[in-house]
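The structure appears right after this line, and notes come after that.
Not measured: the values here are computed from a predicted model. The chains referred to below are lettered A, B, ... by the order of the sequence lines, with proteins before strands, and numbering in each begins at 1.
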Number of protein chains: 2
Amino acid sequence: MSLRHGLLGLLAEGPASGYDLARRFTEVLGSIWPAQHPKIYAELNKLAAEGLVEVESEGPRRRKAYRITDAGVVEVKRWLTEVDVDHTMRLQPLLRSLFFWMMDTDELQRHLEAEATYYRELADQYRDYAARKDRGEFGYSEQTQSMRVTIEAGIRLYSALADWAEWAQTVPPAKPTSPHTNG
Amino acid sequence: MSLRHGLLGLLAEGPASGYDLARRFTEVLGSIWPAQHPKIYAELNKLAAEGLVEVESEGPRRRKAYRITDAGVVEVKRWLTEVDVDHTMRLQPLLRSLFFWMMDTDELQRHLEAEATYYRELADQYRDYAARKDRGEFGYSEQTQSMRVTIEAGIRLYSALADWAEWAQTVPPAKPTSPHTNG
DNA sequence: CATGGACATGTCCCTAGGGACATATCTGAG
DNA sequence: CTCAGATATGTCCCTAGGGACATGTCCATG
């Protein structure tokens, strides 16, 4: 149930509407913590009912901006400091890699190339983002400083995966010619 | 729905029972693709009903070993080659890092140290595994070669995260002393 | 003034996954 | 013989998440 705390955390930076939050989730968090807008609106209503956030203002087009309450701030901090980190990873690409031996060599090479490209592009995106931050484009608040740390993780993670996909292309399908194997 | 194909893939290496598969999932795939035994048994029954696997033998303690069928092999290969890779990542530690600015410096340092240790240990585990494979301990089949590739991803991923957690400890909470900020 | 498109918020249904609980079977130690 | 503990397979319920679909509101353009 991290969406809840993700929303609270984002709202701790300042008031925002569900629409704003949905945009931030797809733009910044898209590849790290995807969230669909229906879930976001639903969760915001729950949070409001529990008094962790409140409606700050109503704008045009039925827009409702939410503000985090003191109780909400307490709750995020509790989550950050007292709740164990959930290290669950669910990486389909790695699951698939267990079964590479079932693929033709050609198919596998094409697959790995596509994977490498995909990861490399994502890494580059994050790198650009980091460069803009480092140029001061987003200011020097502690919030953007944290974002910089998150972005760095994205860079390192996706670079590692890109490198891996490239490295994997050089791995022979089975133990290379050894005089006494298969013979 | 990758559990389905994960099971098919593992069964493609040879017959196994739900219990065997559950063990393999927790041992090898635990940190990459967790799966609980109830889901595994349920999925195996579905797969059997669809003719993608069949009961190979019944052993002591109600043990049922399953064997993949030709249709099952076709299905894994179809998945591997024709179905788009799902790149979804859901990394709570990175989501949390967006909110590091809400934590005390001390708490954050402790947190990052614990994270670094956690990732370093996992990376080491995978490294050991890789070393044993490279020593030939698991033979030289194409299946173990694929496993070697998966393990390499684990090493690189967790090393990257460990490095990141260490690097993050050196990042100042906000822009360091600049003459005209906050003044 | 009408209408396409962006803004904004939702409902609904279905599947995947977490986890507590239940149960049967066999082995080995005492 | 008994009983703890490992092996082995399940049921059940609840929540999280994906995604299709619905609706309301405002603005710019012709």
How many Å lie between CZ on A/R23 and C1' on C/dA6, as a whole number? 11 Å
For A/Y118, give me all partners under side-chain hydrogen bond (donor to acceptor under 3.5 Å, both in side chains), at least two apart in sequence or on another chain. none
Excluding sequence neighbours, so at least two apart, what forms ring-ring contact (aromatic ring centres under 6.0 Å, His included) with A/Y129? A/F138
Go through the structure and list residues passing salt bridge (charged side-chain N to carboxylate O under 4.0 Å, His left out) with A/R110, not counting sequence neighbours. none
Residue closer to the 5' end of DNA chain D, B/K64 versus B/R90 (nearest nucleotide): B/K64
Taking DNA chain D as the partner, which of residues 34-63 of chain A come within under 4.0 angstrom of it by heavy atom? A/Q36, A/P38, A/K39, A/P60, A/R61, A/R62
Mind checking what makes salt bridge (charged side-chain N to carboxylate O under 4.0 Å, His left out) contact with A/R132, not counting sequence neighbours? A/E137
For DNA chain C, determine which residues of residues 2-19 of chain B have any heavy atom closer than 4.0 angstrom to one of its atoms, and list them numerically. none
Residues 48-62 of chain B, side-chain donor-acceptor partners within the protein, below 3.5 Å, at least two apart:
residue : atom : partner : partner atom : Å
B/E50   : OE1  : B/R4    : NH2          : 2.2
B/E50   : OE2  : B/R4    : NH2          : 3.0
B/E54   : OE2  : B/R67   : NE           : 3.3

Check residues 86-103 of chain B and write down every donor-acceptor pair under 3.5 Å in which the side-chain atom is one partner and the other belongs to a residue at least two apart or another chain.
residue : atom : partner : partner atom : Å
B/D86   : OD1  : B/T88   : N            : 2.9
B/D86   : OD1  : B/T88   : OG1          : 2.5
B/H87   : NE2  : A/E115  : OE1          : 3.3
B/H87   : NE2  : A/E115  : OE2          : 2.7
B/R90   : NH2  : A/P34   : O            : 2.4
B/Q92   : OE1  : A/D86   : N            : 2.9
B/Q92   : OE1  : B/R96   : NE           : 3.0
B/Q92   : NE2  : A/S2    : OG           : 2.9
B/R96   : NH1  : A/W79   : O            : 3.2
B/R96   : NH1  : A/L80   : O            : 3.4
B/R96   : NH2  : A/V83   : O            : 3.1
B/R96   : NH2  : A/D84   : O            : 3.3
B/S97   : OG   : A/T150  : OG1          : 2.7
B/S97   : OG   : B/L94   : O            : 2.6
B/W101  : NE1  : B/L98   : O            : 3.4

Reading DNA chain D from 5' to 3', where do the contacts with chain A start and stop? Cut-off is 4.0 Å to heavy atoms. D/dA16 to D/dC27
Residues in salt bridge (charged side-chain N to carboxylate O under 4.0 Å, His left out) contact with B/R120, at least two apart in sequence or another chain: B/D163, B/E166
Name the residue from A/E43, A/R78, A/E75 that meets the side-chain hydrogen bond (donor to acceptor under 3.5 Å, both in side chains) definition with A/H5. A/E75
Can you list everything that forms a side-chain hydrogen bond (donor to acceptor under 3.5 Å, both in side chains) with B/T69? Sequence neighbours excluded, please. none
Could you work out, with salt bridge (charged side-chain N to carboxylate O under 4.0 Å, His left out) as the rule, every residue matching A/D124, not counting sequence neighbours? A/R127
